[in-house]
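Please read all numbers here as calculations on a predicted model, not as lab measurements.
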Amino acid sequence: MSASWQARIRCGRESGAGFLVTDRHVLTCAHVVGARATDPVTVTFPQLGPEELTADVVAHGGWSGGLDPGDVAVLELAAPVPLKPAEFAAPTEAYGEPSPRLLAYGFPKSYEEGVLAEYRATGSQLIQEWIQLEAWGTAGQTLAPGFSGAAVTLAHNGLVVGMVTSAARNKEIRNGRMLPAQVMAHYWPRLGDLIPTGGFGASDKERLRTLIDAVAAGAPWRDAGCAPEQVYGYAVGGHAQRPDRQLHSLWDAAWYLLCEVQDPGALGRFAARLADYSDDPATRRALWNLGRAQRPAPARPPGAVRPWSPVLVEIAPSGAGEDRFLVEVSAYNGKHRHVIGQRTLTTQQVRPYVQERIDDAFNQVDLDGRELIAFVLPRKWLNTDVVHWHRSKDDESPLGAFAPVVVVELERRRSGGLQFKLLRKWQELDHRREARLHRIGCAAPPSDPGRLTVGLRRDADFLGLGAPPGRARAAFKAGINAPVPAVIWPRSGCGGVPHDACTGKEFLDRLAEELAGLPPAELPEFIYKLRLDALEADGGHWAQDLSLLWEDPRALPETTPFLDSPVG
């Protein structure tokens, strides 16, 4: 195995080792080039010849003396050299049982041509940021001055796993310290492109760094909740796996996920979360595409019913004032829920933000699933005409003509008892060809709403109202409190005294006619087609202002609460 990329470094009175990682860049220890301000830095490749090449220090780990962290420096040569650079092993390959034999090629006193030392890693545990090395045997060359900056390689294939930074001061103790390659990449991100990290290749990492820089250039990103530790926490699921060191930058967090977290979907969640903090649609789209590449396709048996793949919009009071709402847009893919964006907004800001993030959310919708847009709303918002919101700022067509749109009541979604009963109800409906529709027209308010709730719980699957919730308040409340999977009503309608001949009755008659024989699970898709018919009718269609509250907890599992503080 050729090791022509091994180098000797000189700077003032210091002499050490280094190794070529690109055709112009050499890694070494920062303490080897500590005199760079007054003395030149020279690099010699013994297997290339005796010529000393000058180099500049272009990156530095911040080392300030002794055993301080950051003892790494990147040297840049004036011109490329005709040598093949070093190659790197995956971060875990330096450890195992039995321990792999490791080699270091250094330049101690009297060894101008260099000499090899055999070592192994004592274990994978970091001591601050170092790995402890111990001599392979009781004889042979030990680590000594002149080995600082030497690449630590796997003996069987020559791949680099780290860099020697120090040796024991006592010659009777045959150990030393290695800075692992993945820790060095913390100080010089370009190194991360060279270190294998599963299916995330060098071009992917370079692209991710570029996108991270684009997000970080936005002034409010950190104050908005996009600090490295916050985005990392979302990616790993709260406190599931906290980093064992401080994360100083967004790239630092991304690199930690790539090297230290055994979850192939974590980086995708990181990219998705980061996308929300960019105002540039192209940057958001690129981050979503990176995240999508890390998402395994869900397995589905041939011929299986296509499941819903919903986009969920949750709007909840923030607790920070009557006109402040916590808005979260997320997308389900399989059983996983991915947050697309989350902000605390005023009422006027909600619609444009939601429109933009819904468009982003379709980057996560399963192509083999059925799209659905579900708005989880406070009760007083349930009659909001979200169906006719513009699809985007550039497309004035109704959102309800783009995909099936349903609403869900916020408090019912948060009620464990009602969610349990809804699940039971859907178990029953799965074995029935059609649902039972209970009609409530322009009648007097129920004298006992609680009794109506009990009746609906026993004898109704769908509830049809002939008037909007504001005019049939008691009946609507009774339906919400019962595990009725669907409530259907017109957003406008008869508001006069109780009578039979009115638009509300016509609405319910047509609804009963249309729903006859319809499988319950197909309701959102059916209502979507009704809305398309109403749009093409250009007014006068009985379903032109139809609202659908529809909830199947199996399609909208509660997997993640709001990430921000209620008063944030």
Side-chain angles (χ1 to χ4, degrees), residues 214-227 230-231 234 272-285 287-288 310-331 337-365 372-403 405-411 413-414 469-470 491 547 549 556 560-568:
V215 175
W221 67 271
R222 181 179 288 272
D223 295 337
C226 191
Q230 291 174 294
V231 186
Y234 171 72
R273 185 68 175 144
L274 200 62
D276 185 38
Y277 292 93
S278 173
D279 292 328
D280 176 37
T283 299
R284 289 201 306 272
R285 187 164 52 250
L287 284 165
W288 276 112
V311 172
L312 188 71
V313 180
E314 296 195 23
I315 301 173
S318 70
E322 290 188 4
D323 193 43
R324 301 282 288 177
F325 294 90
L326 193 59
V327 181
E328 184 175 87
V329 180
S330 51
R337 180 179 168 195
H338 306 268
V339 174
I340 309 301
Q342 182 190 82
R343 297 289 169 85
T344 299
L345 304 169
T346 65
T347 305
Q348 298 300 317
Q349 295 171 324
V350 169
R351 185 188 297 196
Y353 178 78
V354 167
Q355 288 170 321
E356 191 171 60
R357 291 304 186 263
I358 284 178
D359 206 45
D360 290 341
F362 273 90
N363 285 292
Q364 284 282 30
V365 168
L372 175 74
I373 302 173
F375 283 80
V376 180
L377 304 172
R379 187 166 300 183
K380 66 180 182 179
W381 282 51
L382 285 175
N383 204 42
T384 302
D385 191 11
V386 293
V387 171
H388 287 94
W389 282 8
H390 293 167
R391 193 194 71 80
S392 71
K393 66 179 181 179
D394 298 319
D395 181 356
E396 295 183 2
S397 64
L399 190 61
F402 181 73
V405 174
V406 301
V407 297
V408 178
E409 205 264 338
L410 178 66
E411 292 305 320
R413 179 168 166 79
R414 293 179 176 179
R491 277 184 302 278
S547 280
L549 183 149
L556 302 168
T560 308
F562 282 110
L563 300 178
D564 290 344
S565 164
V567 293

Just do the side chain to side chain donor-acceptor pair (under 3.5 Å) check on Ser397 and Asp395 with the steps written out, would you?
-> CA-CA 6 Å; Ser397 64; Asp395 181 356; 2.7 Å; yes
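Listed for the Thr384 side chain is no donor-acceptor partner under 3.5 Å among the backbone atoms of Val386. Looking only at distances, no side-chain donor or acceptor of Glu409 sits under 3.5 Å from a matching main-chain atom of Leu382. Between the side chain of Arg491 and the main chain of Asn383, no donor-acceptor pair closer than 3.5 Å is present.
Between the CD atom in Glu314 and the CZ atom in Arg414 there is a gap of 7.0 Å [rounded to 0.5 Å]. Distance check: Arg284 CZ to Asn363 CG gives 10.0 Å after rounding to the nearest 0.5 Å.
Between Ala361 and Val329, the shortest heavy-atom contact is CB-CG1, 4.3 Å. Leu274 approaches Leu287 most closely through the heavy-atom pair C-CD1, 4.0 Å. Closest of all the heavy-atom pairs between Pro378 and Ile315 is CD-O, 3.1 Å. Nearest heavy atom pair, residue Val339 against residue Tyr234, reads N-OH, 2.7 Å.
Looking at Asp359 and Arg391, their side chains come closer than 4.5 Å, going by heavy atoms from C-beta outward. Between Ile358 and Val313 the shortest side-chain heavy-atom distance falls below 4.5 Å. The closest side-chain heavy-atom distance from Val354 to Trp389 is below 4.5 Å. Put simply, the side chain of Phe325 does not reach to within 4.5 Å of the side chain of Leu345, judged on heavy atoms. Two residues are said to be in side-chain contact when any heavy atoms from C-beta on lie closer than 4.5 Å; Gln342 and Arg273 meet this criterion. Under the 4.5 Å side-chain criterion, counting only non-hydrogen atoms from C-beta, Leu556 is in contact with Pro310.
Scanning for side-chain hydrogen bond (donor to acceptor under 3.5 Å, both in side chains) contacts around Asp323 gives Thr347, with sequence neighbours left out. In this view, Gln349 and Thr346 satisfy the side-chain hydrogen bond (donor to acceptor under 3.5 Å, both in side chains) rule, not counting sequence neighbours. A search for ring-ring contact (aromatic ring centres under 6.0 Å, His included) contacts involving Tyr353 returns nothing, not counting sequence neighbours.
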